[in-house]
Undergrad: 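Here it is: the structure, laid out below.
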Number of protein chains: 2
Amino acid sequence: VSPAALEEQRIGLLGGTGDQGRGLARRFGLAGLQVSVGSRDPERAERVAAELRASAPQARIDGLPNAAVAEQCDLVVVAVPWDGHATLLRELAGRLSGRLVVDCVNPLTFDERGPRALPVPEGSAAEQAAALLPDSTVVAAFHHVSAVLLLDPAVDAIDCDVLVLGDDRSATDRVQALAELIPGVRGIFGGRLRNAAQVEALTANLLAINRRHRAHAGIRVTGL
Amino acid sequence: VSPAALEEQRIGLLGGTGDQGRGLARRFGLAGLQVSVGSRDPERAERVAAELRASAPQARIDGLPNAAVAEQCDLVVVAVPWDGHATLLRELAGRLSGRLVVDCVNPLTFDERGPRALPVPEGSAAEQAAALLPDSTVVAAFHHVSAVLLLDPAVDAIDCDVLVLGDDRSATDRVQALAELIPGVRGIFGGRLRNAAQVEALTANLLAINRRHRAHAGIRVTGL
């Protein structure tokens, strides 16, 4: 997949008004893709899109209801909070039929002892998406890339790899190429969807590291 | 904890005749620690220790039954295969009382689709160790460092961080310092023991990466 081919794609972000969604929307917009930020609330979607355009005037970013994002975009990133994940995907399953769906949701919670991974009946958020979207191709990616760094205009390149998991080689290849549109990032195949749980849950460890070091930690794969 | 203080310690490896145990024994021996390689079979323990001494003549490495390792070493690394983990720790619980126990076991299996993380009733191998060893201090570490690289005499430094997890700060500090005796390695606090499962399971993803790239993958934490 060439970057040029990717730039002709339209990418949508479900729950794109949260930190992770806005951060990815901004970087994909800067890379030249046409980006639709989705929200349950169409006014909020348009307001966030306008803010992102203001900070990156060359970027093509619009705001739409989540349902329109699912219908109009070939490649859809799921960036909703974990507690709305199943409900949203169940609602949009028909509209997401035939789409490449990239799940970046981390099922986590926080208590007085810090972050903790939540158990997921299907194994992982990505496997839950695959179960709810039998007519879509589901890939898991973008779990560890810091929203703070994605949104920071002073940060040109991000020192982080994106692990890309899935059972369809052409889909994971396409998402690896998508990840590499973010300067500094390598997209690395990280295994099948059945090994997504620990990649999602590892975000709890990165948050524990952030707390100890006042950092925005990511990971790199070494030895390749 | 200064490296000098560490070098005065005696470190033992339960199941130290497997690849991970031999690899860690070799590197700790090269760093100047007094190392005991443990096995159920005392002759096998002594034979592996002799092989390690032959490849690193300056290293102080002996071979002992697992029970003697637990009794004689202050710091004990658990490097047995997952299917013998609970049985061995239950047997040695009394002898491990008061010890710092470092669990590096990855509960994994393999089938025709590749590696896969196994569910663990206690959450993780490290939490199982903590449950079986109420009078020991349990830390999880050394899951991602490649045994092939640890054992390779042509590899001087290993490009990999070791995530160290635990609930006792002085214990995790001590294991971070231990990890940093391996040239190239940084020991990084990776969170509480309740977040160990995903660190153990991530080894399945690294094995999937190894298979794709014919590599010995590790990870580095970025952004610190």
Side-chain angles (χ1 to χ4, degrees), chain A residues 106-108 111 113-117 119 123-124 140 143-146 148-149 155 158-161 163-165 167 169 172 176 184-185 188-224, chain B residues 106-108 111 113-117 119 123-124 140 143-146 148-149 155 158-161 163-165 167 169 172 176 184-185 188-224:
Chain A
N106 296 312
L108 301 181
D111 61 21
R113 300 170 70 208
R116 179 166 62 86
S124 61
H143 308 88
H144 304 148
V145 55
S146 157
V148 173
L149 300 181
V155 172
I158 298 183
D159 181 16
C160 177
D161 289 339
L163 293 178
V164 178
L165 294 95
D167 298 335
R169 176 74 185 251
T172 56
Q176 285 178 249
V185 168
I188 303 209
F189 173 70
R192 291 175 180 272
L193 224 52
R194 68 180 186 173
N195 282 313
Q198 55 267 28
V199 173
E200 298 171 358
L202 192 72
T203 306
N205 303 80
L206 295 178
L207 293 171
I209 292 170
N210 287 348
R211 190 177 277 215
R212 172 74 59 100
H213 291 276
R214 301 183 183 280
H216 302 294
I219 65 163
R220 289 278 192 200
V221 177
T222 59
L224 301 188
Chain B
N106 296 311
L108 302 180
D111 61 22
R113 302 169 69 208
R116 179 166 63 84
S124 61
H143 308 88
H144 304 148
V145 56
S146 158
V148 174
L149 300 181
V155 172
I158 298 183
D159 181 15
C160 177
D161 289 339
L163 293 178
V164 177
L165 294 94
D167 298 335
R169 176 75 185 251
T172 57
Q176 285 178 250
V185 168
I188 303 210
F189 173 71
R192 291 176 180 269
L193 224 52
R194 66 180 187 174
N195 282 313
Q198 55 267 26
V199 172
E200 297 171 1
L202 192 73
T203 306
N205 303 81
L206 295 178
L207 293 170
I209 292 170
N210 287 349
R211 190 177 275 215
R212 173 74 57 98
H213 292 275
R214 301 182 184 281
H216 302 296
I219 66 163
R220 287 277 191 201
V221 177
T222 59
L224 300 189

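Proteins get letters first, then strands, A, B, ... in listed order; numbering begins at 1 in each.
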Undergrad: For chain A, which of B:Leu207, B:Leu224, B:Ile158 has the most heavy-atom pairs under 4.5 Å?
TA: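 Of B:Leu207, B:Leu224, B:Ile158, B:Leu224 has the most heavy-atom pairs under 4.5 Å with chain A.
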
Undergrad: Between B:Asn210 and chain A, with a heavy-atom cut-off of 4.5 Å, which part of the residue counts as in contact: side chain, backbone, both or neither?
TA: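 When you check distances to chain A, no heavy atom of B:Asn210 falls under 4.5 Å.
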
Undergrad: Below 4.5 Å, heavy atoms only, C-beta onward: do A:Ile188 and B:Arg212 meet side chain to side chain?
TA: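 SC-SC contact between A:Ile188 and B:Arg212 ruled out.
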
Undergrad: Using non-hydrogen atoms and a 4.5 Å limit, figure out which bit of B:Arg214 sits close to chain A: side chain, backbone, both or neither.
TA: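 Neither part.
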
Undergrad: Which of the residues A:Val221, A:Asp167, A:Leu149, A:Leu206 is involved in the greatest number of heavy-atom pairs with chain B at under 4.5 angstrom?
TA: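 Option with the greatest count: A:Val221.
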
Undergrad: Heavy-atom cut-off 4.5 Å, strictly under: side chain, backbone, both or neither for B:His213 against chain A?
TA: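 The side chain, not the backbone.
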
Undergrad: I need the residue from B:Ile219, B:Val199, B:Asn195 with the largest number of non-hydrogen atom pairs under 4.5 Å to chain A.
TA: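 Highest number of pairs under 4.5 Å: B:Asn195.
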
Undergrad: I'd like to verify something: which residue of B:Asp111, B:Leu165, B:Leu163 has the highest number of heavy-atom pairs under 4.5 Å with chain A?
TA: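 Looking at each option in turn, the highest pair count goes to B:Asp111.
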
Undergrad: Of the listed residues (B:Ala117, B:Ala208, B:Ala201), which shares the most heavy-atom pairs with chain A below a 4.5 Å separation?
TA: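 Top option by heavy-atom pairs under 4.5 Å: B:Ala201.
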
Undergrad: Between chain A and each of B:Gly191, B:Gly190, B:Ala197, B:Gly123, count heavy-atom pairs under 4.5 Å; write down the option with the most.
TA: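 Most pairs with chain A among the choices: B:Gly190.
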
Undergrad: Select one option (side chain, backbone, both, neither) describing which atoms of A:Arg194 are under 4.5 Å from chain B's heavy atoms.
TA: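 For A:Arg194, the side chain is the part near chain B, not the backbone.
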
Undergrad: Using heavy-atom distances under 4.5 Å, tell me whether B:Arg192 contacts chain A through its side chain, its backbone, both, or neither.
TA: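 Side chain of B:Arg192 only, per the 4.5 Å heavy-atom cut-off to chain A.
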
Undergrad: Closest approach of A:Asp159 and B:Thr222, non-hydrogen atoms and distance?
TA: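 That would be O-OG1, 2.6 Å.
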
Undergrad: If you count heavy-atom pairs under 4.5 Å with chain B, which of A:Ala204, A:Ala196, A:Pro115 comes out on top?
TA: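 So the answer, after comparing A:Ala204, A:Ala196, A:Pro115, is A:Pro115.
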
Undergrad: Pick whichever of B:His144, B:Glu200, B:Arg169 has the most heavy-atom pairs under 4.5 Å with chain A.
TA: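 Sorted descending by pairs with chain A, the first entry is B:Arg169.
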
Undergrad: B:Arg220 versus chain A, heavy atoms under 4.5 Å apart: side chain, backbone, both or neither?
TA: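 Interface part for B:Arg220: both.
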
Undergrad: Given a strict heavy-atom distance threshold of 4.5 Å, which part of A:Asp161 is in contact with chain B: side chain, backbone, both, or neither?
TA: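 Contact with chain B is absent: no heavy atom of A:Asp161 under 4.5 Å.
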
